Each structure stands twice: as C-alpha cells, then as structure tokens.
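Worksheet for the structure shown next.
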Amino acid sequence: MKNIKAVVLAAGKGTRLHSDEIDAPKVMREALGKPLLWYVLDSLSFIDKKDIILVVGYKKESVIERFGEYPYAVQHEQLGTGHAVAAASDELKDFDGALLVCYGDMPAIQQEVYENLLRTHFEEGNSCTLLTGESTLDMSFGRIVRDDNGGFVHVVEEKDCTPEQLKIKELNTGVYVFDTPMLLSALKELKNDNSQGEYYVTDVPAIMREHGAKIGIYKRNLGDDIIGVNTAEQLKLVEKILTAR
C-alpha cells in the first residue's frame with residue numbers, strides 16, 4: 001500500500017443545491033456542520049496530505065482556503081470528469097505509482113472501502129481497478145458491461161444506456177485506481193461523442209483494455225454509501241447516513 005496518490009474531484013458548482021443564501025461550491029456545502037469534502041478527506045487520511053490533489057474550479061478560493069494543506073489543480077472549464085482528472089496532469093507527470101480517483105461530493109464512502117479497492121488493485125496486479133456494486137438508490141450511475149467470462153468490457157453512462165443495459169444491476173461508482181502513466185496516456189485518447197458532449201473518465205478503463213492493460217473490479221454491496229450530493233434531498237439523506245454512524 002505504498003506509492004499511492006489520490007485525485008479528488010471538487011470543481012463542481014452544484015447548481016441544484018444553490019440558493020439565494022448559499023453560493024458555495026458543491027463540495028463546500030455542509031452536512032452536520034462540516035463540508036462534504038471534509039468527510040471524503042477524512043476517509044482518505046491513510047494517504048499523506050501532500051499526495052492528495054484537489055481538482056478545484058467554481059469558487060475555488062473557498063476550497064483552497066479551507067483545505068490549504070492539500071495541493072490543488074484548477075479545472076477552468078467544466079467539460080466532464082475525464083477533463084477534470086486531466087487538469088491534474090502536471091501534478092502527476094513524474095509519478096509512476098497508483099492513483100485513486102474519487103469525488104468530493106460522496107461523503108459516505110468509508111476508509112475501508114478505499115483501502116480494499118487499493119488492496120485489490122495491488123494484489124491482482126491490475127492497471128485499473130473499478131469500484132462497483134449494487135444499490136437501491138435512485139441515482140444516475142453508469143452500468144458495468146462484462147463479457148461472457150465475467151471480464152470487464154466497458155462502462156456505459158446511464159444517459160447513453162440502451163433499454164437492455166439499463167437492466168444491469170452492477171453500477172459504476174466512478175471511483176477507480178489507475179496505473180498513473182497509463183491513465184495519463186489514455187486521457188489523451190478521450191472523445192466527447194456522447195449525449196452530454198463531455199469527456200468521461202468512465203471511458204478510460206475501456207481504452208486501457210484495448211491497449212492490453214489488465215482491468216479489475218472490486219465489487220461489493222454499497223447500499224447508501226455511494227450517494228453523491230446533487231440536491232437538497234440528497235444532502236438530507238447524507239446527513240441521516242452520517243448521523244447513524
């Protein structure tokens with residue numbers, strides 16, 4: 001479990017969370033008196049702060065001021081998750097270890113999930129390992145498409161799913177571990193020919209697979225843990241989850 005860095009995506013505005021009283025980046029919205037990002041960073045506390053890169057954007061000053069002990073990279077435009085990860089390229093160009101990619105608006109994922117994902121990555125000798133699972137949450141998660149042998153093929157975002165693919169129960173959380181040089185190479189091949197016109201980091205594992213990389217999956221029952229906060233209702237649900245712990 002050495003030679004690890006993390007990139008935390010924290011650039012979003014969170015339009016559906018905005019109100020006249022609060023105009024903060026999504027990750028700075030508070031649950032039980034602490035920013036959503038605080039919970040994510042607490043779960044990542046097994047990684048040195050100097051090795052956790054925050055990708056910031058909207059009202060970035062508030063994030064930088066509150067979490068100034070962490071390095072950061074700026075995503076100047078919101079062109080998708082792949083574009084967000086690529087914003088950290090300069091911070092990663094000389095790093096040849098494993099990179100955990102996760103989200104600053106998913107405060108309910110606990111430390112042991114991240115640790116087990118990394119452990120799976122190292123033990124299996126993967127170039128990329130995805131965190132997947134099933135959940136009853138009504139959220140727009142991509143689906144994991146596997147081959148006849150159960151191997152990973154690709155991720156399809158919910159907006160791009162066929163009716164058959166929408167029936168797939170295995171969800172992609174958007175949390176990954178990558179071999180960093182392979183990731184940076186694959187990011188250059190991303191295209192935005194999808195319904196959103198965005199560059200998806202979800203396309204990276206399939207690109208790596210096409211180049212012969214070993215893609216693994218850490219699957220577990222994720223329940224409510226994978227909730228990302230996009231609405232006031234989801235913020236209330238997260239507070240309920242965190243209170244119960």
Side-chain angles (χ1 to χ4, degrees), residues 1 4-14 17 22 24-75 78 81 84-85 87-88 91-92 98-119 121 129-133 135 137 139 141 171-178 201-202 218 220 222-231 234-245:
M1 296 286 281
I4 300 167
K5 290 195 178 201
V7 163
V8 183
L9 304 187
K13 182 177 181 179
L17 273 170
I22 303 173
K26 181 163 59 166
V27 299
M28 293 302 290
R29 291 300 300 262
E30 293 190 350
L32 304 180
K34 293 175 180 173
L36 299 175
L37 181 56
W38 183 91
Y39 294 97
V40 177
L41 295 174
D42 185 55
S43 292
L44 296 177
S45 60
F46 63 97
I47 301 174
D48 286 344
K49 290 180 179 179
K50 65 179 175 55
D51 292 324
I52 300 175
I53 302 156
L54 308 180
V55 177
V56 297
Y58 180 75
K59 293 202 176 250
K60 61 184 184 295
E61 295 78 14
S62 62
V63 181
I64 295 166
E65 182 180 354
R66 177 67 172 79
F67 299 101
E69 65 271 40
Y70 295 88
Y72 67 90
V74 180
Q75 184 187 18
Q78 308 290 299
T81 52
V85 176
E91 301 284 333
L92 299 167
L99 183 72
L100 171 66
V101 174
C102 59
Y103 297 84
D105 65 350
M106 296 176 78
I109 297 181
Q110 300 186 68
Q111 179 172 325
E112 59 105 2
V113 175
Y114 292 124
E115 288 181 324
N116 286 337
L117 174 64
L118 282 157
R119 193 168 288 112
H121 181 79
T129 310
L130 300 86
L131 174 64
T132 75
S135 174
L137 286 176
M139 294 189 70
F141 288 103
L171 306 177
N172 178 50
T173 64
V175 178
Y176 313 88
V177 180
F178 292 105
V201 72
T202 47
Y218 172 52
R220 59 180 285 157
L222 291 159
D224 293 339
D225 287 2
I226 57 172
I227 185 170
V229 177
N230 292 300
T231 66
Q234 289 165 349
L235 184 59
K236 288 178 184 175
L237 177 56
V238 155
E239 290 195 315
K240 194 173 177 180
I241 294 166
L242 296 172
T243 300
R245 289 183 178 166

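The first residue of the sequence shown is numbered 1, and numbering continues consecutively from there. Values below: every heavy atom of this structure, side chains too, minus hydrogens, waters and symmetry copies. These figures come from a predicted structure and were not determined experimentally.
Under the 4.5 Å side-chain criterion, counting only non-hydrogen atoms from C-beta, I53 is not in contact with V8. With contacts defined as side-chain heavy-atom distances shorter than 4.5 Å, the pair L44/C102 qualifies. Counting heavy atoms from C-beta on, the side chains of K13 and P25 never come closer than 4.5 Å. At least one side-chain heavy atom of L137 sits under 4.5 Å from a side-chain heavy atom of D224. Side-chain contact check for Y218 versus N116: some heavy-atom pair is nearer than 4.5 Å. Counting heavy atoms from C-beta on, the side chains of I226 and M106 come closer than 4.5 Å.
For K5 against E91, the heavy-atom pair with the smallest separation is NZ-O, 4.2 Å. Contact detail for N172 and L131: the closest heavy-atom pair is OD1-O, 4.1 Å. The minimum heavy-atom distance between A88 and V7, with the atom names listed, is CB-CG2, 4.1 Å. Taking every heavy atom of both residues into account, Y114 and S43 meet most closely at CE1-CB, 3.8 Å. Scanning both residues, R66 and W38, for their nearest heavy atoms gives NH2-CD1, 3.8 Å.
Without hydrogens or angle criteria, T81 side chain to V201 main chain gives a donor-acceptor distance under 3.5 Å. Side-chain N or O atoms of Y103 include one that pairs as donor or acceptor with a backbone N or O of G174 at under 3.5 Å. In this structure a side-chain-to-backbone donor-acceptor pair under 3.5 Å is present from Q234 to T231. Counting only distance, with no hydrogens or angles, the side chain of S135 and the backbone of L222 share no donor-acceptor pair below 3.5 Å.
In this structure, E69 places its CD atom where more than 12 heavy-atom neighbours from other residues, nucleotides or ligands lie under 6.0 Å away. Residue F141 places its CZ atom among more than 12 non-hydrogen atoms of other residues, nucleotides or ligands, all under 6.0 Å distant.
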Are V175 and L117 close enough, and set up right, to give a side-chain contact (heavy atoms from CB on, under 4.5 Å), and what steps lead you there?
CA-CA 9 Å; V175 178; L117 174 64; 3.7 Å; yes

Test side-chain contact (heavy atoms from CB on, under 4.5 Å) on T129 and Y176; report intermediate values, then the result.
CA-CA 6 Å; T129 310; Y176 313 88; over 6 Å; no

Given the rule in the side-chain contact (heavy atoms from CB on, under 4.5 Å) test, do L99 and L92 qualify, once you have shown the distances and angles that lead to the verdict?
CA-CA 9 Å; L99 183 72; L92 299 167; 3.7 Å; yes

Under 3.5 Å donor-acceptor pairs involving side-chain atoms of residues 236-245, not counting sequence neighbours:
residue	atom	partner	partner atom	Å
E239	OE2	L32	N	2.8
T243	OG1	E239	O	2.6
R245	NH1	A108	O	3.2
R245	NH2	A108	O	2.6
R245	NH2	D225	OD1	3.0

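Among pairs with a residue in residues 101-116, those fulfilling salt bridge (Lys or Arg N to Asp or Glu O under 4.0 Å) read K26-D105, E112-R220, at least two apart in sequence or across chains.
Summarising the geometry, atom OH belonging to Y58 is positioned 13.0 Å from atom CE belonging to M28; distances are rounded to the nearest 0.5 Å. In this structure, CG on L118 lies 5.5 Å from CG on L100, to the nearest 0.5 angstrom.
When each of L54, I52, V27 is tested with F67 by the rule side chain to side chain contact (heavy atoms under 4.5 Å, CB included), just one qualifies, namely L54.
Under the side chain to side chain contact (heavy atoms under 4.5 Å, CB included) criterion, A84 pairs with L9, V55, Q75, sequence neighbours left out.
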